[in-house]
There are 2 protein chains.
Amino acid sequence: MARNSPAPRSAKSRAGIRPLPGRARSENGNAHSDLMNGEIGLDALAGHAGYAVRRFQIWVFQDFIRTLGAVDIRPTQYSVMTVIGANPGLSQMAVAKRLGIERARLVHLLDSLEQRDLVSRVKSAADRRSHALHLTARGRTALAQFKRLAAEHERHVAEKLGKENRKKLLQILSDFT
Amino acid sequence: MARNSPAPRSAKSRAGIRPLPGRARSENGNAHSDLMNGEIGLDALAGHAGYAVRRFQIWVFQDFIRTLGAVDIRPTQYSVMTVIGANPGLSQMAVAKRLGIERARLVHLLDSLEQRDLVSRVKSAADRRSHALHLTARGRTALAQFKRLAAEHERHVAEKLGKENRKKLLQILSDFT
DNA sequence: AACAATTGTTGTCGTCAACAACAATCTTCC
DNA sequence: GGAAGATTGTTGTTGACGACAACAATTGTT
């Protein structure tokens, strides 16, 4: 989603907020039509849950990335660490299934987290094909901080949606978690 | 790495090593524990709107892509055509802003749609930098069909969420459309 | 006329989902 | 007990996508 490689200059001042109201006044067509007032209709799009959700998700992720920018943790990395932290010893397959990400993708995610000494792959004695995933000591203390920042992010969401709306949203989508 | 190392072959007499029977904790092994029943806790993740939304969005998009698979139209393409259909003559900049996509990205999207004779770029006489976007005749009839299929997709969403929940969801996220 | 801003375009980079293939290692079944 | 099939982690590829940067053409602004 966003540039967040640690090396290049941080996308700090970026203020990656997207232009919601989009005062897209002057459409180039000539004098005709009802668009002149700057209102660009969405037509059928307005009734599509998928569209609204896409826009919302972009906003949420950008806020998450920005709020956890200081610790350089992205949403997926956070989800992986959270699940491992709550269920130490899980295999990569189990984590991938639970989070709905491809095991192929998880490989790179874990490579990164392991390099940062946040997660460790322990060869399982029971099934030598698989790895038992654990947080390192450093990973545990780090996760605690991540959770505090993530809670702050979640407060931003609550501000944006309203407390009750956020709650209702979580309830409506609870089947997908 | 582990892939090509030919050495680690035999040696490992699987005789003595066994998975510590006393352990009732979450272990990678398949033999036991709380994972067997599929119960993998999400911990803090369960309270994050972003996580729920991400999972939901994946589901919705997959259903959309599948439902409109016969006509080979993806969500973003549909959104572009819908907006152009409802506001003929818009510039690329205006469409990009309204839909929250990069104008650089829109170039490719329009290239594709133009190649399929669904959209046409008309050089604007008013501002010769910009293009006025229109649906072709073919594009208009095609969009009508796309909308029917999209409506079917939306019914799938309603089935999944419940009619009322879908409505509430659209209302909660209305600021983002 | 000179200079700043906008529009479409091209290109690069990184994220991400979906596959396919593979070696190592279980599991199953005869 | 061993062959056949399934699973796990891994590597690689493809394509959609968001964020940026640079550029030519064209306004607009002064």
Side-chain angles (χ1 to χ4, degrees), chain A residues 1-11 13-18 24-28 54-55 57-59 61-62 65 74-77 79 90-97 99-112 114 121 123-133, chain B residues 1-12 14 19 28-31 54-55 57-59 61-62 64-66 72-77 79 90-97 99-112 114 121 123-133:
Chain A
M1 248 119 231
R3 248 7 5 79
N4 85 337
S5 359
R9 59 218 110 287
S10 62
S13 56
R14 192 62 276 107
I17 317 296
R18 61 120 196 10
R25 28 122 235 73
S26 76
E27 102 291 358
N28 66 20
R54 166 178 164 265
R55 299 296 298 261
Q57 205 222 306
I58 291 174
W59 184 90
F61 269 50
Q62 282 181 347
I65 292 169
R74 315 191 76 262
T76 312
Q77 296 176 312
S79 70
L90 283 185
S91 69
Q92 298 187 189
M93 193 63 210
V95 171
K97 252 193 193 135
L99 291 177
I101 60 189
E102 294 245 345
R103 61 190 205 278
R105 165 123 190 75
L106 189 56
V107 171
H108 302 299
L109 285 168
L110 289 174
D111 284 350
S112 157
E114 204 172 27
R121 287 188 249 225
K123 289 205 287 195
S124 168
D127 184 341
R128 308 209 347 258
R129 292 171 302 180
S130 67
H131 295 155
L133 301 175
Chain B
M1 295 339 178
R3 189 71 294 93
N4 42 15
S5 38
R9 189 57 198 79
S10 55
K12 258 14 179 337
R14 51 185 317 280
N28 178 341
N30 24 3
R54 166 179 165 265
R55 298 297 298 263
Q57 206 223 309
I58 291 174
W59 184 89
F61 270 51
Q62 281 180 347
F64 187 100
I65 292 169
R66 188 152 30 86
D72 191 27
I73 286 290
R74 316 195 84 257
T76 311
Q77 297 175 310
S79 71
L90 283 184
S91 70
Q92 298 186 190
M93 194 63 210
V95 170
K97 250 187 192 145
L99 292 177
I101 59 189
E102 295 245 344
R103 61 189 203 281
R105 165 121 192 76
L106 189 58
V107 172
H108 301 299
L109 285 168
L110 289 174
D111 284 350
S112 157
E114 205 171 26
R121 287 187 250 226
K123 288 206 286 196
S124 166
D127 184 341
R128 307 211 347 257
R129 292 170 301 181
S130 66
H131 294 156
L133 302 175

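Naming: A, B, ... by sequence-line order, numbering from 1 per chain.
Here the side chain of A:Arg121 is nearest to one of D:dT10, D:dA19, D:dC17, namely D:dT10. Listed nucleotides: C:dC19, D:dG18, C:dT9. Nearest to the side chain of B:Arg105: D:dG18. When each of C:dG8, C:dC16, D:dG9 is scored by its nearest atom to the side-chain atoms of A:Arg74, the top-ranked nucleotide is C:dC16. Ranking D:dT26, C:dT7, C:dT9 by closeness to the B:Arg128 side chain, first place goes to D:dT26. Distances from the side chain of A:Ser130 to the nucleotides C:dA20, D:dT8, D:dG18 place D:dT8 closest. Out of D:dA22, D:dG9, C:dT15, the shortest distance to the side chain of B:Arg103 is found at D:dA22.
Counting to the nearest Å, the C1' atom of D:dT10 and the NE2 atom of A:His131 are 10 Å from each other. B:Met93 has its CE atom 17 Å from the P atom of D:dT27, to the nearest Å. Counting to the nearest Å, the P atom of C:dT15 and the CD1 atom of A:Ile58 are 17 Å from each other. Rounded to an integer number of Å, the gap from A:Gln77 CD to C:dG14 P is 15 Å. Look at CG on B:Leu90: it is 15 Å from C1' on C:dG8, rounded to the nearest Å. The interatomic distance linking B:His108 (NE2) with D:dA19 (P) rounds to 15 Å, in whole Å. Spacing between atom CZ of B:Phe61 and atom C1' of D:dA16 amounts to 11 Å, rounded to whole angstrom units. Rounded to an integer number of Å, the gap from CD1 of B:Ile101 to P of C:dT7 is 15 Å.
Considering all non-hydrogen atoms of both residues, B:Gln92 and B:Val107 come closest at NE2-CG2, 4.1 Å. A pairwise comparison of heavy atoms in A:Met93 and A:Arg103 identifies SD-CD, 3.4 Å as the closest pair.
The side-chain hydrogen bond (donor to acceptor under 3.5 Å, both in side chains) check on A:Arg105 picks up nothing, with sequence neighbours excluded. Scored by the salt bridge (Lys or Arg N to Asp or Glu O under 4.0 Å) test, B:Arg128 finds no partners at all (sequence neighbours excluded). For the side-chain hydrogen bond (donor to acceptor under 3.5 Å, both in side chains) test, no residue two or more places apart in sequence or in another chain qualifies with A:Glu102. Shown here are the side chain to side chain contact (heavy atoms under 4.5 Å, CB included) partners of B:Arg74, two or more places apart in sequence or in another chain: B:Ile65, B:Gln77. Taking the side-chain hydrogen bond (donor to acceptor under 3.5 Å, both in side chains) definition, one finds that B:Arg129 meets it with B:Asp127, sequence neighbours left out.
Looking at heavy-atom distances under 4.0 Å, B:Leu106 makes no contact with the nucleic acid at all.
With DNA chain D read from its 5' end, the first of the two nearest nucleotides for A:Arg54 and A:Ala104 is the one closest to A:Ala104. In terms of position along DNA chain C, the nucleotide closest to B:Asp111 lies nearer the 5' end than the nucleotide closest to the other residue of the pair A:Glu102 and B:Asp111.
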Polar atom pairs (N or O), protein with nucleotides 28-30 of chain D, under 3.5 Å:
none

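At least one donor-acceptor pair closer than 3.5 Å links the side chain of A:Glu114 to the backbone N or O of A:Arg121.
Residue A:Gln92 places none of its side-chain N or O atoms closer than 4.0 Å to OP1 or OP2 of D:dT7. Contact between the side-chain N/O atoms of A:Gln62 and the OP1/OP2 oxygens of D:dA19 is found at a separation under 4.0 Å. An OP1 or OP2 oxygen of C:dC16 is reached within less than 4.0 angstrom by a side-chain nitrogen or oxygen of A:Thr76.
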